[in-house]
Visitor: 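Structure below; questions to follow.
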Amino acid sequence: MQKNINQGNKDTRSGFGEALFELGKSSENVVALCADLTGSLKMDKFAGAFPDRFFQTGIAEANMMGIAAGLAIGGKIPFTGTFANFSTGRVYDQIRQSVAYSNKNVKICASHAGITLGEDGATHQIMEDIGLMKMLPNMVVINPCDFNQTRAATIASANHCGPVYLRFGRPKVPNFTPPDQKFEIGKAIVLKEGRDVSIFATGHLVWKALEAGEILFQKGIDAEIINLPTIKPLDGDSIMASILKTRCAVTAEEHQIFGGLGESISGLLARNFPTPLEMVGMYDLFGQSGTPAELLEKFGMGTNDIVSAVELVTARKHH
Amino acid sequence: MLLFFTFRIKINFYNFVTLIYLEMNYIKKHTIDELADLAISIRKDVVRALKVAGSGHLGGSLGLADVFTVLYFNRMRHNPDNPAWPDRDRLILSIGHVAPVFYTALAHAGYFPIDELQTLRKLGSRLQGHPGRDHHLPGIELSAGSLGQGLSVAVGMALAAKMDNADWKVYTIHGDGELQEGSIWEAAMSAAHHKLDSLIALVDSNKVQIDGRVSDVMEIEPLAEKWRSFGWAVFECDGNSIGGLVETYQKAEKISGKPSVIIAHTLMGKGVKSIEGDYRWHGRAPNAKESEDFIREIEG
């Protein structure tokens, strides 16, 4: 069991940038594309070191996705970079046909996902991207929780043959997973064992789940906290193993409750072992401007919201 | 041919033997007369396949029969016995709805048996209504159907070839109506920016689309000027003239420092006099009686 100690706040996008640079050094075939957001995506280190393998596409995301598919046909491993909003909804048809249906080895790397994008407001705060991507056959969906995990997930994506959607964010958040971790696509990670409730969390809300776990412990509730960095394929075995022990679940994610991790888990449970479940996420609303912390609080995705959800679901537990 | 061998000699003997095998099997350049005969056979098989399928796009498929014949039997370097040959020239069909003529050309080239054309659009067939990579039909690089995507993919392929100093080319086929999609122009801009002279696009200029004449639906002219202003070398030819197409492709292949586009003026339904130019045949398949008549018309 790992210790979950904050090694210092860092942004997940920098974990991506660092890994991309490392991949550039280790593999000649890794190429990167960016639609005018090189600095925001932390791709500048790769772009500076490997100018012949970096393609600036300008503000033309649809073209970028197609070019990436073409580079994959030419034997390259392309990583595209732009905000999550422009990585998914804007180019859905390109991804669907030229990447997913064509089964091209393209890594769609999306930064500034979720409400914690903050002050720019709802136009840029996409909360639907996991749903859009997980519905596509052939697509792997990964939403890492901190700098170290994003770094490891980026490297794992390069080693996976096929389309991957890799989602990360803008703010500096606690970096608490091991620096030397090996990321396994499709594997859940038990952060804390417990017997009263399973908290399944992904992305920035994993740290919030750990904080909630401590509060709950004070209240006499022993929560099992499981990090699900891969949303598709879903680690059904780990989820079921935990549920058979705790008999109730809370999901936590920075995403709409429709189409996210919570929906995937609720479907799994409904099909296999109907279990009381509460979802912490965005309840069918668009966001607004504010700081990341304010917004998580306002829209019900803070530490206290996870605590409340646990209290609600443990009360509903079948005895 | 001998020069070609020498050029490709690698130190590894096994590779050398494999390469000789590959080179010997790649499709020879057919003469103009042979191409004309092939185009007739391809048109007839397109009609037959669509009759059995009961649905599909006849007009555009017949209009493009000469282009596909020229590409697969004269211009492209490819080997049906080894569809994944790294040095092959690539074709990106951006208008997936003319799949019938694409499949027929692939079958005649030897990628799969001609009989398989009879499975077009049937459950379980590798010949999907629009080309699908998922169904493992040899010779297909990309799934296509939703318009406006192929040129971007071709740009990526040409970039990959450039990075590897490879000499293979990327040919694309677009519809004139398809140029109404904005993503085409994003791709056009990027191809010129990267000076992709290994990229040769062709616009099937048949002047019609589903809802009618292109000029009525949404004017795309002045087309040559548009491409030129985007930094492309522009050629125009009769897209139903085998000789004209061969000659124009030869010119485009010699261009250096920029991508080329061939605006090929074609007739929808070409080869079947009674339906030539009729946009109602964009998305129709012939019934048994029509198919017999059409084949007779094609035979002339």
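Just so it is clear: chains get the letters A, B, ... in the order the sequence lines come, proteins before strands, and each one is counted from 1.
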Visitor: Any chance CD of A:Glu28 has more than 12 other-residue heavy atoms, nucleotides or ligands included, within less than 6.0 Å?
Guide: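 No, because the 6.0 Å sphere around CD of A:Glu28 holds 12 heavy atoms or fewer from other groups.
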Visitor: Might you confirm whether atom NZ of B:Lys226 has over 12 heavy atoms from other residues, nucleotides or ligands at distances under 6.0 Å?
Guide: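 Enclosed.
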Visitor: Name the member of A:Asp93, A:Ile59, A:Thr57 that forms the most heavy-atom pairs with chain B at distances under 4.5 Å.
Guide: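 Top option by heavy-atom pairs under 4.5 Å: A:Asp93.
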Visitor: Rounded to the nearest 0.5 Å, how far apart are CG of A:Asn138 and CG of B:Asp134?
Guide: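 Spacing of CG (A:Asn138) from CG (B:Asp134) equals 5.5 Å.
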Visitor: Does any backbone or side-chain atom of B:His194 lie under 4.5 Å from a heavy atom of chain A? Answer side chain, backbone, both or neither.
Guide: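 The side chain, not the backbone.
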Visitor: Looking at CE of A:Met65 and CD of B:Glu186, how far apart are the two atoms once the value is rounded to the nearest 0.5 Å?
Guide: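 The distance works out to 11.5 Å.
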Visitor: Tell me, side chain or backbone of A:Asp52 under 4.5 Å from chain B's heavy atoms, or both, or neither?
Guide: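 A:Asp52 touches chain B through backbone heavy atoms alone.
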Visitor: Could you tell me whether the side chain of B:Met163 reaches within less than 4.5 Å of the side chain of A:Val31, counting heavy atoms only?
Guide: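 In short, these two side chains touch, coming nearer than 4.5 Å.
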Visitor: Please flag which part of B:Ala161 lies under 4.5 Å from any non-hydrogen atom of chain A: side chain, backbone, both or neither.
Guide: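 Answer is neither: B:Ala161 stays 4.5 Å or more from chain A.
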Visitor: Do you know which of A:Pro137, A:Gly70, A:Ala72 has the most heavy-atom pairs with chain B at a distance under 4.5 angstrom?
Guide: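 Highest number of heavy-atom pairs under 4.5 Å: A:Gly70.
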Visitor: Check whether A:Ala68 gets within reach of chain B through its side chain, its backbone, both or neither, counting any heavy atom under 4.5 Å.
Guide: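 Neither part.
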Visitor: Could you measure the distance from the CG atom of A:Asn103 to the CG atom of B:Leu142? Nearest 0.5 Å is fine.
Guide: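 A:Asn103 atom CG to B:Leu142 atom CG measures 11.5 Å (nearest 0.5 Å).
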Visitor: Does any non-hydrogen side-chain atom of B:Ser183 lie less than 4.5 Å from one of A:Gln94?
Guide: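 The answer is yes, as the side chains (C-beta and beyond) meet within the 4.5 Å cut-off.
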Visitor: Minimum heavy-atom separation for A:Leu71 to B:Ala160, with atom names?
Guide: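 Smallest heavy-atom distance, with atoms named: CD2-N, 3.7 Å.
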Visitor: Look at the side chain of A:Ser102 and the backbone N and O of B:Ser143, then say whether any donor-acceptor pair between them is shorter than 3.5 Å.
Guide: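 Flag set: sc A:Ser102 to bb B:Ser143 pair under 3.5 Å.
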Visitor: For atom CZ of A:Arg53, decide whether the heavy atoms of other residues, nucleotides or ligands shown that lie under 6.0 angstrom number more than 12.
Guide: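 Enclosed: over 12 neighbouring heavy atoms sit under 6.0 Å from CZ of A:Arg53.
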Visitor: Taking C-beta and beyond as the side chain, do B:Val153 and A:Gln97 meet within less than 4.5 Å on heavy atoms?
Guide: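 Heavy-atom side-chain distance check fails, nothing below 4.5 Å.
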Visitor: Could you list which of residues 123-131 of chain B have a heavy atom closer than 4.5 Å to any heavy atom of chain A, in residue-number order?
Guide: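 The list, in residue order, reads B:Gln128, B:Pro131.
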Visitor: Looking at B:Leu159, B:Val155, B:Ile140, which has the largest count of heavy-atom pairs under 4.5 Å with chain A?
Guide: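 Ranked by contacts with chain A, first place is B:Leu159.
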Visitor: Counting neighbours of NE2 on B:His193 that are heavy atoms of other residues, nucleotides or ligands and sit closer than 6.0 Å, is the number greater than 12?
Guide: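 Atom NE2 in B:His193 is not packed in, count stays at 12 or less.
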Visitor: On a heavy-atom basis, which atom in A:Gly74 and which in B:Asp164 lie closest, and how many Å separate them?
Guide: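 Heavy atoms of A:Gly74 and B:Asp164 come nearest at O-OD2, 4.1 Å.
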Visitor: Flag the one option from B:Met157, B:Gln149, B:Arg133, B:Lys162 with the top tally of heavy-atom pairs under 4.5 Å to chain A.
Guide: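 Top count of heavy-atom pairs under 4.5 Å with chain A: B:Gln149.
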Visitor: Does NZ belonging to B:Lys195 count more than 12 external heavy atoms closer than 6.0 Å?
Guide: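 No, the 6.0 Å shell around NZ holds no more than 12 heavy atoms from other groups.
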Visitor: Shorter than 4.5 Å, heavy atoms on both sides: which option in A:Pro78, A:Gly75, A:Gly58, A:Ser98 has the most such pairs with chain B?
Guide: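 Top count of heavy-atom pairs under 4.5 Å with chain B: A:Ser98.
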